[in-house]
Amino acid sequence: MKETLLNKFSEIFGGTEGAKVYFAPGRVNLIGEHTDYNGGHVFPCALTIGTFGVARKREDQVLRFYSMNFEELGVLESSVEGLKPEKEAEWTNYPKGVIWAFQEKGYSVGCGMDLLLFGNIPNGSGLSSSASVEVLTGHILRDFYGFDVSNQDLALIGQYSENKFNGVNCGIMDQFAIAMGKKDHAIFLDTADLSYEYAPLKLENAKIVIGCTNKKRGLGDSKYNERRSECEAALASLQKVVDIKSLGELTQEQFETYQSAISDEVKVRRAKHAVLENQRTIQAVDALNRNDIALFGKLMNDSHVSLSKDYEVTGIELDTMVESAWKQDGVIGSRMTGAGFGGCTVSIVEEDKVDRFMEEVGREYKEKIGYAASFYVVEVGDGPVIL
Ligand code: GLA
């Protein structure tokens, strides 16, 4: 892989002297969806698939970007000065956003770079290809300039760039899971204060299977921001009757006591999801630590129902895939993962049933939706590295 990437870099940018190869993973969230901007818990893990980057610092201020996933776009150029998001800049808005974010935070990024990327995460699938590029870029800048920033800082800077440069009001989960990834462990993160624990993923004879709906991303980002505002409005109503900073502070019982303070029925359901999903995540991690995989799976299934009925971020593609998964032999749990509105599902499936699972769910999905899904059996890996 390293060889192929360096050869391509040389072909595009001329020579490989001074170039280094970097990697940042993608992530999958096992449970705790749409809780990270509500002060709740999440339970994601980094994957062994992700984004590879070959980078070389330049003497001038020119930025040159090339992606092996979007070869038709050729080399896209920019400058480290006066960075702003532009539609024509396509995917390069992500690395540019991170360079901008470092500058905003007072780090001097004065030189340009040549950067070649190759991602083996399906693009726009909900496995965080964008957060992977963000953390990768921060990791490269830290290496170039020797900035004193931790991996957690890389996550925060990545999120800042996505919020302020790319206009998606995402929470911290994706960048944190990627920057802080640990092989064979998931991260139990409390987004209220960023305290976290690594939990060993002892899935016994089961595998993590990702089902990609292959639905083209549509209004995903604007709907995402809409859900976030709905939760903020529900929180503001609750704050009139109870002293809380976020929805994640409430137990189910407390929510039931105070929910009448929210006048709008839709916002009640949004807040209910945020509160109960947080409680489910806490229970799920406890179940996993006690080796109760069956309960972990059941909570994953409950999470999907809540995301479908109360939070309304699934749609026919994700629902079809998950409902088909629930019927298969050897499935411990299955749910949508990530923001929703298309993207992927995550299922925990007994190892010897995985092939049959992919075949059956794939067949039912194609029959109902009209086009094929894709499946990936994934492994849990580490955070960013230099190869
Ligand atoms: C996206 C966001 C995350 C998180 C999830 C939903 O992946 O980037 O911050 O909110 O959606 O759980």
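For ligands, and for the atoms within them, numbers begin at 1 and follow the listed sequence.
- Residue-ligand proximity, Gly338 to ligand 1, at heavy-atom distances under 4.0 Å covers atoms 6 (C), 11 (O).
- Below 3.5 Å of separation, one finds no N or O of Thr35 facing any N or O of ligand 1.
- Near Gly171, meaning under 4.0 Å from any of its heavy atoms, are these atoms of ligand 1: 9 (O).
- When hydrogens are left out, the protein atom nearest atom 3 (C) of ligand 1 is Asp36 OD2, 3.4 Å; that is the closest non-hydrogen contact.
- Checked against a 3.5 angstrom limit, the closest N/O atoms of Asn29 and ligand 1 fall outside it.
- Taking the charged nitrogens against the carboxylate oxygens, Glu350 and Lys207 have no contact shorter than 4.0 Å, which rules out a salt bridge.
- Considering backbone and side-chain N/O atoms, Ser128 never comes within less than 3.5 Å of an N/O atom of ligand 1.
- More than 12 non-hydrogen atoms from other residues, nucleotides or ligands lie less than 6.0 angstrom from CD of Glu77.
- Stacking of Lys182 on the aromatic ring of Tyr198 is recorded, both the 6.0 Å distance cut-off and the 45° axial limit being met.
- For the side chain to side chain contact (heavy atoms under 4.5 Å, CB included) test with Thr345, the passing option among Leu318, Val28, Thr337 is Leu318; the others fail.
- Phe102 and Phe147 have their aromatic ring centers within a separation under 6.0 angstrom.
- With rounding to the nearest 0.5 Å, the separation of CE in Met321 from CH2 in Trp326 is 13.5 Å.
- Counting the atoms of ligand 1 from 1 in the order shown, those under 4.0 Å from a heavy atom of Tyr37 are 10 (O).
- At the top of the distance list for atom 1 (C) of ligand 1, counting protein heavy atoms only, stands Asp174 OD2, 3.6 Å.
- Under the side chain to side chain contact (heavy atoms under 4.5 Å, CB included) rule, Phe296 has a single partner from Ile348, Ile332, Asn291, which is Ile348.
- Taking the six-membered ring for Trp and the full ring otherwise, the centers of Phe176 and Tyr196 sit less than 6.0 Å from each other.
- Taking a cut-off of under 4.0 Å to the non-hydrogen atoms of Arg27, the atoms of ligand 1 that pass are 7 (O).
- For the pair Lys8 and Phe118, the NZ or CZ position fails the cation-pi test of under 6.0 Å to the six-membered ring centre and within 45 degrees of the ring normal.
- When heavy-atom distances to ligand 1 are checked against a 4.0 Å cut-off, Gln159 has no atom that comes that close, whether in backbone or side chain.
- Contact atoms of ligand 1 toward Cys170: 2 (C), 8 (O), 9 (O) (distance under 4.0 Å to a heavy atom of the residue).
- For ligand 1 and Met173, the ligand atoms under 4.0 Å from any heavy atom of the residue are 4 (C), 5 (C), 12 (O).
- Within ligand 1, the atoms closer than 4.0 Å to a non-hydrogen atom of Tyr224 are 1 (C), 2 (C), 3 (C), 4 (C), 9 (O), 10 (O), 11 (O), numbered from 1 in the order shown.
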